[in-house]
Amino acid sequence: MKDPQTINQQQTNNNVSNHISGSEAIVRCLIEEGVDTLYGYPGGAIMPVYDELYKYQGKIHHVLTRHEQGATHAAQGYARISGKVGVAMATSGPGATNLITGIADAQIDSTPLVCITGQVFSHLLGSDAFQETDIVGISTPVTKWNCQVTKAEDIPKVIAKAFYIAKSGRPGPVLIDITKDAQLNTFDFSYNTCKGIRSYNPVPKVNNDALIAAADLINKAKKPLIVWGQGVILGKAEEQFKAVIEKSGIPSAWTILGASAIPTSHPLNVGMVGMHGNYAPNKLTNECDVLIAIGMRFDDRVTGDLSRYAKQAKIVHFEIDPAEVDKNVKTDVAILGDAKQSLEQLLPLLNKNTHTNWHNEFKALYDIEYNKVVKNDIHPTKDGLTMGEVLKEINIQSKGNAAIVSDVGQHQMIACRYAEFNKSKSNITSGGLGTMGFALPAAIGAKMAAPNRDVVAIIGDGGYQMNIQELGTILQQQVPVKIVVLNNEFLGMVRQWQQLFFDKRYASTEMVNPDFIAIAKGYSIDAKKVTKRENLSNAVKEMMQSEGAYFLEVCVEKEDNVFPMIPTGASVSEIRLS
């Protein structure tokens, strides 16, 4: 038994250890929130925090990215595949402003991030001090919440509030800007996680009358169509969603961020809606009698011309964010609330159905799309390689269990159209913002969050070069991510539009590319280049079986286009197959 003198000495030591600097408090707050990985880049205004991170090695793993934008995208990839809050950190001025693209991407795609930036001393605020930027003002339009901290003792409550806001309700990014004196000053530290905020109601209560009205419309429908989005995944409602569609027998289509909530092979999964989505769900959107939207926001890339979108249908909208209801499409019944809870309560109200004749209409249109588009994409007869056959080979080698990461462009649409997904959280892409440069760092974050999963980045030669420096992060961290660059020597999606709508005036879209293989090998990454069909299968197999990072360049047809396609301003009924 310990003597009283020893006990008193331990109490004294505990009191001393809890009187700490603001910078140590930041690190301890992150640990309290369960943060194990942090992406960032040091600089003068955040240096005290980095000094504390050095002392806490083993408790938080800091990943030095090669650019602050890379840090936010890596944090996004980490968050999207894990369901946890991603964390990124940078210094003031240019370090902070370099985070903005990733923050904006996270905002529109509902990704939970906490970003911490250093700031100049509080007495210098507003003086145009070295590397001072009003990051709170700059980030306000693209954050769910932001806050500047000038007192050390405010750090714990602000960080607790930030994590709560980032992950509650409809998730999103939060930015905390902390002055250097707040990092250096000391105070008596204690931490309490945030359980709620007055006047902030992140999850509306499900209205039972609205559920009954929705079920009545669904049960009476002859041609119902479900369009689901990422809300199903964010709400962890995959099983409830699957039960609803299997009981109701309703054909179900997805937005690109909703992909993988149910397996690609599920018989009720009728494909992707939107500008380059599948023919049947797009065409039949304007023939359904009830359209049930679940966790999606009627983005313009999904709806096409709003004045001609599903005007014949009753609209039922399941949504957690009241701001999205009636914003773009007028609803007949809106069910506000958490997707999991809403669908659980809907299920017993639904009648068992099959809608066989209605499904046959989807099958007939799919056959048309297969013969005119799909067959040529994945079983081409032309000499040059296609993007679709690369995805087909990845499906074979991964058995549909890989997480596919893409940014924006032709490669993204092909990946979304042809990748097979057996698991949820498998399609990690830049949806609403359409960010070139997203895929490489996001794949790093995804692989670090899910080390036991295959993570394959599918990237165009243009987007790859926007954050190619993150190969250095792969080298230093030894992240065994697989990178596939589909190289058509063009900014492919822009070139497609120039071909179709600007009389083939390829203004500033042709790329003169470097030796990608030499660059990869310069970062000690195994690499291979494929130019012929007969070499593709073995190359993909070698990549997937590689224990470390691997870079595969596939030279594809330079002027291939992605179809189907809904031209800008057109109705979903006017989707083109060529």
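None of the values given here were measured: they were computed from a predicted structure. All residue numbers refer to positions in the sequence shown, counting from 1.
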Q: Kindly indicate, with the supporting measurements, whether the criterion side-chain contact (heavy atoms from CB on, under 4.5 Å) is fulfilled by Val302 and Met275.
A: CA-CA 6 Å; Val302 166; Met275 181 171 282; over 6 Å; no
Q. Is the closest side-chain donor-acceptor distance between Asn488 and Glu557 under 3.5 Å?
A. no
Q. Does a side chain donor of either Gln412 or Thr429 reach within less than 3.5 Å of an acceptor in the other side chain?
A.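 There is such a pair between these side chains.
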**Q.** Steps toward ring pair (Phe, Tyr, Trp, His ring centres under 6.0 Å) verdict (Phe502, Trp497)
**A.** CA-CA 7 Å; Phe502 293 88; Trp497 283 51; 8.2 Å; no
Q.
Surrounding NZ of Lys558 (heavy atoms of other residues, nucleotides or ligands, distance under 6.0 Å), is the total greater than 12?
A.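 Enclosed: over 12 neighbouring heavy atoms sit under 6.0 Å from NZ of Lys558.
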Q. Taking the inter-plane angle between the rings of Phe551 and Phe516 on a 0 to 90° scale, is it parallel (under 30°), tilted (30 to 60°) or perpendicular (over 60°)?
A. tilted
Q. Given the rule in the ring pair (Phe, Tyr, Trp, His ring centres under 6.0 Å) test, do Tyr279 and Tyr366 qualify, once you have shown the distances and angles that lead to the verdict?
A. CA-CA 7 Å; Tyr279 191 55; Tyr366 176 76; over 10 Å; no
**Q.** Residues Asn487, Asn513; criterion side-chain contact (heavy atoms from CB on, under 4.5 Å); working and verdict
**A.** CA-CA 9 Å; Asn487 184 3; Asn513 290 320; 3.2 Å; yes
Q. Between Glu324 and Lys327, is there a side-chain N and carboxylate O pair less than 4.0 Å apart?
A. yes
Q.
What I want to find out is whether Arg301 reaches Asp299 closely enough, with some N-O distance under 4.0 Å, to be called a salt bridge.
A. no
Q | Non-neighbouring partners of Phe563 that pass ring pair (Phe, Tyr, Trp, His ring centres under 6.0 Å), sequence neighbours left out | A | none
Q.
Suppose we call two aromatic rings close when their centres sit under 6.0 Å apart. Are His62 and Tyr50 close by that rule?
A.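 For His62 and Tyr50, the ring centres are under 6.0 Å apart.
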